[in-house]
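Inspection log for the structure reproduced underneath, given as structure tokens.
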Number of protein chains: 2
Amino acid sequence: MIEELKQHYGYLFEDELLQEINNVGTYRDIPEGLKLIEIGDYIKSMPLLISGAIKILREDKEGDELILYFIEQGDTCAMTLSCCLGDSKSEIRAIAETDARLIMVPVQKMEEWLGKYKSWRNFVLQSYQNRMTELLEAIDTIAFLKMDERLFKYLKDKAMVNHNDVIHVTHQEIASDLHTSRVVISRLLKALEINGRIELHRNNIKVLDL
Amino acid sequence: MIEELKQHYGYLFEDELLQEINNVGTYRDIPEGLKLIEIGDYIKSMPLLISGAIKILREDKEGDELILYFIEQGDTCAMTLSCCLGDSKSEIRAIAETDARLIMVPVQKMEEWLGKYKSWRNFVLQSYQNRMTELLEAIDTIAFLKMDERLFKYLKDKAMVNHNDVIHVTHQEIASDLHTSRVVISRLLKALEINGRIELHRNNIKVLDL
DNA sequence: ATAAACCTGTAACAAATGTTACAAAAAAAC
DNA sequence: GTTTTTTTGTAACATTTGTTACAGGTTTAT
């Protein structure tokens with residue numbers, strides 16, 4: 001167990017902290033599609049991602065979704081940080097984009113380590129910073145790009161985190177993630193195919209122009 | 001000086017920390033419209049807002065703007081935190097929305113206090129959390145609302161931070177903040193006036209439906 | 001006082017996105 | 001093997017947003 005931890009977080013944390021994490025953390029294997037966090041949940045432990053990817057979603061009043069970003073190996077969910085430390089409800093939904101492996105650290109330890117380890121403090125602050133950057137990028141995408149560019153960026157990002165240029169997804173699922181309608185997505189996908197940037201198949205899309 | 005500081009931050013920080021802030025911080029009076037932070041700036045000190053409001057903006061590739069949110073009294077700019085602690089460039093522009101008064105704290109002290117004062121740690125983390133919440137709200141506004149609703153929300157927010165239901169602004173300025181065109185704003189403003197929610201005058205708008 | 005710059009209103013049109021409806025192919029269920 | 005469900009394609013149309021053009025009123029500069 002400690003091997004794995006050292007491999008992914010050894011460059012960040014001193015041995016003593018790694019040992020503490022290993023002692024109090026619990027390892028979890030997560031299957032693709034599992035909902036890790038629901039909007040409104042109180043979070044009692046913080047996930048450190050070892051492998052795989054997590055999709056972070058926001059929801060509107062009608063219950064329709066919007067993807068914010070993906071989290072990958074070496075990250076944690078800074079939203080979780082907020083919730084734990086602020087003792088407030090989750091503002092977002094987190095779903096395993098791929099099979100994933102993570103360590104859950106109880107919230108009490110998180111706070112304790114903030115005073116004790118400088119490397120932990122830096123990690124937490126760096127995580128906030130990363131998440132802030134991701135949110136700003138999400139805003140850029142939503143506010144400044146037209147739907148066809150947003151769509152292609154989404155496909156590329158998805159290919160990236162899945163380490164595969166063939167994406168297993170339906171038009172309806174894409175439409176939900178991008179907060180638009182299936183018809184719009186089908187139309188724009190067809191245009192992308194005509195322009196030679198993707199190949200369309202039933203239940204999967206191959207991204208050519210990576 | 002210390003009076004003012006105690007009044008606005010006394011409930012957050014212990015006396016010893018207040019004293020330190022007073023010793024190393026410098027007070028600044030800022031006139032409305034002054035640019036405090038430009039995109040790409042390296043930040044060497046962190047502003048604690050005592051009075052007034054700051055407008056935070058994002059910019060696209062063409063140099064056009066988009067408002068993210070306003071910061072008010074008791075807040076700090078968490079983007080600044082990111083930049084200071086991460087030693088990176090500013091991702092946003094900050095402009096004084098009203099006359100404002102603030103204390104600038106040098107970045108070295110910020111880090112030092114993180115290890116030394118729990119109340120400072122909590123303040124920094126709370127600031128990150130607040131900013132995260134504001135960014136999420138900005139995303140909701142941009143992604144889920146139509147332009148007429150965004151416009152009205154903007155007018156209300158602006159009336160709020162100015163403590164005045166009469167807003168001094170031109171249609172072009174609104175269009176820039178909302179990343180759209182002047183004609184669109186004029187059109188929607190006229191519709192809002194017809195619906196009795198605002199009154200239009202040259203260079204100012206009265207918000208009726210607060 | 002006159003010219004220039006700025007601010008608002010509005011028409012006419014273009015482009016992007018959203019909606020409804022229907023058809024056909026593929027996969028899943030029975 | 002037949003039925004049902006899921007997935008994709010596409011047409012036709014509505015709504016929202018963006019663009020261009022111009023007119024007239026107001027303020028500012030000289």
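All heavy atoms count here, side chains included; hydrogens, waters and symmetry mates do not. Reminder, nothing fancy here: chain letters follow the sequence lines and each chain counts from 1.
Between A:Glu137 and A:Lys153 there is a salt bridge, since at least one side-chain N of the basic residue sits less than 4.0 Å from a carboxylate O of the acidic one. Note on A:Glu193 versus A:Lys190: salt bridge recorded, some NZ/NE/NH1/NH2 to OD/OE distance being below 4.0 Å. Residues A:Arg131 and A:Glu134 are paired through a salt bridge, judged by an N-O separation under 4.0 Å between the basic side chain and the carboxylate.
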message = Using the rule given for side-chain contact (heavy atoms from CB on, under 4.5 Å), can you reason through B:Trp113 versus B:Ile21, listing the C-alpha separation, both sets of side-chain angles and the distance that settles it, and then say yes or no?
response = CA-CA 10 Å; B:Trp113 294 342; B:Ile21 294 174; 3.6 Å; yes
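The 12-atom threshold is not exceeded at CZ of A:Arg28, counting heavy atoms of other residues, nucleotides or ligands nearer than 6.0 Å.
What you find for B:Leu12 and B:Ser119 is that their closest heavy atoms are O-CB, 3.4 Å.
Here D:dT15 presents its C1' atom at 12 Å from CG of B:Asp148, a figure rounded to the nearest Å. If you measure from atom CG of A:Leu200 to atom P of D:dT10, you get 10 Å, rounded to the nearest angstrom. Atom NZ of A:Lys146 is separated from atom P of D:dT19 by 9 Å (rounded to the nearest Å). Distance, B:Ile185 CD1 to D:dT16 C1': 13 Å, rounded to whole Å. In this entry the distance linking CD of B:Glu62 with C1' of D:dG18 reads 14 Å, nearest Å. Taking atom CD1 of residue A:Ile205 and atom P of nucleotide D:dT7, one finds them 13 Å apart after rounding to whole Å. Counting to the nearest Å, the P atom of D:dT17 and the CD1 atom of A:Ile142 are 16 Å from each other. Rounded to an integer number of Å, the gap from B:Gln172 CD to C:dC6 C1' is 11 Å.
For D:dT10, neither phosphate oxygen OP1 nor OP2 lies less than 4.0 angstrom from any side-chain nitrogen or oxygen of A:Ser186.
Residue A:Ser181 is in base contact, counting any heavy-atom pair closer than 4.0 Å across all strands shown.
Mapping A:His179 and B:Glu173 onto DNA chain C via the closest heavy atom, the residue that lands nearer the 5' end is B:Glu173.
Using the six-membered ring where Trp is involved, A:Phe13 and A:Phe123 have ring planes that are perpendicular, over 60° apart on the 30 and 60° scheme.
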query = Base, backbone or nothing for each nucleotide of nucleotides 21-28 of chain C, written B, S, -, heavy atoms under 4.0 angstrom, 5' to 3'?
reply = B----BS-
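Of the listed nucleotides (C:dA16, D:dT19, C:dG9), D:dT19 has the atom at the smallest distance from the side chain of B:Arg187. When distances run from any side-chain atom of A:Lys190 to the nucleotides D:dG9, D:dT17, C:dG9, the shortest one goes to D:dG9. When distances run from any side-chain atom of B:Val184 to the nucleotides D:dT8, D:dG18, C:dT17, the shortest one goes to D:dG18.
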